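Please read the structure below before turning to the comments.
Here the structure is a predicted model, which means the values were calculated and not measured. All ligand and atom numbering here is 1-based and tracks the order in the structure.
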Amino acid sequence: MQEIAEDFDVVVIGGGPGGSTASTLLAMQNRRVLLLERDKFPRYQIGESLLPATVHGICKMLGLSEELKKAGFVRKLGGTFRWGTNSEPWTFNFSTASTISALNAYAYQVERQKFDTLLLRNAARKGVDVREQHSVNCLLFDGDRVGGVEFVDTEGNTRQAQARFVIDASGHQSHVYKHVGERIYSNFFQNLALFGYYEGGDRFPPPRDGNIFSAAFKEGWFWYIPLSATLTSVGAVVSKQYADQLKAGHEEAMNHFIASCPEISRLLANARRVTEGVYGQLRVRRDWSYTNERFWKPGMVLVGDAACFIDPVFSSGVHLATYSALLAARSINSILTDDMDETRCFNEFEKRYRREFRNFYEFLTAFYDMHQNEDSYFWKARKILKTQASIQEAFVTLVAGGSSMRDEDLLVETGKIEQIKGELQQLENVDEDTAPYLSTEKEAFLDVLVEEATQIQTQASVGGKRGMEKPLFENGLIPSADGFRWREVESATAAGGA
Ligand SMILES: Cc1cc2nc3c(=O)[nH]c(=O)nc-3n(C[C@H](O)[C@H](O)[C@H](O)COP(=O)(O)OP(=O)(O)OC[C@H]3O[C@@H](n4cnc5c(N)ncnc54)[C@H](O)[C@@H]3O)c2cc1C
């Protein structure tokens, strides 16, 4: 017998970083949130290299900074590449970007089963009704509007939960995203990944020992991520045209790819592949870069991999998942608390999310052209961010997830806000002919790197004390002072600040 449906403000499908973040930010605003997760945590997941925007922005907002520090994850100061025409490895450090304070110029390499569990347990502590081993079957509708979910509980009973909003954060395996729109796969990134874990792999000398290392070879590229002093995550990303290599067996294919890449062969010379436990198998992922044609419909939003996914060269997955979760939670809080218009809020969510995705997508398209040297990649980053910053700084800002984060307070602390304002002033005087990478609207350095107010870092650091922001889009919304909701520009002005 089917029970009477339970009732919530929001039901979140999936307890990965996207689902945990969205549900926590809603519960922190006193919303009644149910999170349904199919698996029992800790559970395995790929995606171990994080960006500073996640660690110092979102995680701080979630109240997780101290726990993260204590967890003992490897510190990542940047990335090292053997890529392009340069046969020597080259390194970028997050500290290069002036928008990232020296104190926050690092991220972590995480075992996802541990990291995701921290986030999920935190959601429960913050008041989210977290139910593991609960799998969502399908959506409930009220006309065209999504009004809840049907799910199977731990005992195998089919049950229903009604909600004002449903957030699909069930990742690339989502089967409900289709109600929002079709998934459009990229023609450009038609790759697959084969990955496993190794004990005893070599390390670069400090301070690069915690960096992600990405090495290009004939069939594709490798990631090499130090997860502890001895454990390394190693993955080969190859074009789909080399999929036949896998027919000989995963072990054989992996050994073949490693042998084809001198840098990875050298690093793994004295290592052994882990063959037991959660890291004991070689895994394959084939579904590659895609984006849904829409990110929301009445009563429902898609966050994280349920909405879009991009090739992992720059470790953007968890950043995009948690950033989109923040935007979604902000929108739903605004609709439920301030009675703001759903279309207006979700359009803002979608535009900001697409913009961040596009920044990475465009840059990666250029990065995959391995005939260039690193200066070209840096220049491309500058073009995408439309900045006048040094080319290295633009590159680092993009790959740190920094185009979505605001670090104004820390900039003020270090006196850099004046520097940025000066650069903006200079930009006003720039001759377009001599600055081919600047847009005619002169949306520039400050506009992209500072005035895009996801305010995740600022909120985390200064709370309601931060200043007014400009909308990112014409007639767009701005974040509230605490970062949990949207504001109309006029109402923020009348109130004397956002
Ligand atoms: C080869 C590869 C390498 C990558 N490397 C990186 C990297 O270095 N850094 C990085 O940041 N990202 C990386 N990523 C991307 C990263 O894995 C994802 O972007 C990230 O995990 C997305 O988080 P999410 O919360 O959207 O989804 P997920 O982490 O996939 O979480 C979704 C959750 O939903 C649950 N679920 C699914 N269906 C249901 C259902 N019906 N009912 C209830 N629950 C359900 C699942 O059990 C899961 O726990 C990589 C991806 C790939 C493929």
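- Within the listing of ligand 1, atoms 53 (C) sit less than 4.0 angstrom from a heavy atom of R285.
- The cationic group of R283 lies under 6.0 Å from the six-membered ring centre of Y44 and within 45° of the ring axis, placing it in a cation-pi geometry.
- Residue P312 touches ligand 1 through its side chain alone, judged by heavy-atom distances below 4.0 Å.
- For the 3.5 Å distance criterion, the side chains of T80 and N211 qualify, holding a donor opposite an acceptor.
- Inclusion of D116 in the set of residues having an N or O under 3.5 Å from an N or O of ligand 1 is not warranted.
- For F151, no heavy-atom contact with ligand 1 is shorter than 4.0 Å.
- Residue W223 places a heavy atom under 4.0 Å from ligand 1.
- A side-chain donor from one of R354 and T291 sits under 3.5 Å from a side-chain acceptor of the other.
- The shortest separation from a heavy atom of E48 to ligand 1 is under 4.0 Å, placing the residue in contact.
- Of the N and O atoms on the side chains of W223 and S233, at least one donor lies less than 3.5 Å from an acceptor on the other residue.
- Any N or O atom pair closer than 3.5 Å counts here, and G18 shares at least one such pair with ligand 1.
- Every atom of ligand 1 with a heavy atom of D39 under 4.0 Å away is listed here by number and element: 47 (O).
- Here the protein heavy atom with the shortest distance to atom 44 (N) of ligand 1 is R38 N, 3.0 Å.
- At a 3.5 angstrom cut-off on N or O pairs, V136 counts as close to ligand 1.
- Where the criterion is an N or O separation shorter than 3.5 Å, residue side chain and backbone included, R112 meets it with respect to ligand 1.
- In this structure, R164 forms no cation-pi arrangement with F8, as its terminal cationic atom is not both closer than 6.0 Å to the ring centre and no more than 45° off the ring axis.
- Under 4.0 Å from ligand 1, the heavy atoms of A193 that appear belong solely to its side chain.
- From the protein, the heavy atom lying nearest to atom 8 (O) of ligand 1 is S49 N, 3.3 Å.
- In this model, a donor atom of one side chain and an acceptor atom of the other lie less than 3.5 Å apart for R203 and T232.
- Applying the side-chain contact (heavy atoms from CB on, under 4.5 Å) rule to P42 yields the partners Q113, T117; only residues at least two apart in sequence or on another chain are considered.
- The cationic group of R75 lies under 6.0 Å from the six-membered ring centre of Y106 and within 45° of the ring axis, placing it in a cation-pi geometry.
- The pair R273-E251 counts as a salt bridge, with a side-chain nitrogen and a carboxylate oxygen less than 4.0 angstrom apart.
- Any N or O atom pair closer than 3.5 Å counts here, and I46 shares at least one such pair with ligand 1.
- Atoms of ligand 1 lying under 4.0 Å from any heavy atom of G14, numbered from 1 in the order shown and given with element: 33 (C), 34 (O), 35 (C), 44 (N).
- Polar contact check, S316 against ligand 1: no nitrogen or oxygen pair lies under 3.5 Å apart.
- Taking 4.0 Å as the cut-off, G235 does not count as a neighbour of ligand 1 on heavy-atom distance.
- In the vicinity of R43, heavy-atom distances shorter than 4.0 Å reach the ligand 1 atoms 29 (O), 31 (O), 48 (C), 49 (O).
- Each of the atoms 26 (O) of ligand 1 lies under 4.0 Å from some heavy atom of G304.
- Taking the six-membered ring where tryptophan is involved, the planes of Y353 and F349 are tilted, since the angle between them lies from 30° to 60°.
- Ligand 1 has no nitrogen or oxygen under 3.5 angstrom from a nitrogen or oxygen of H319.
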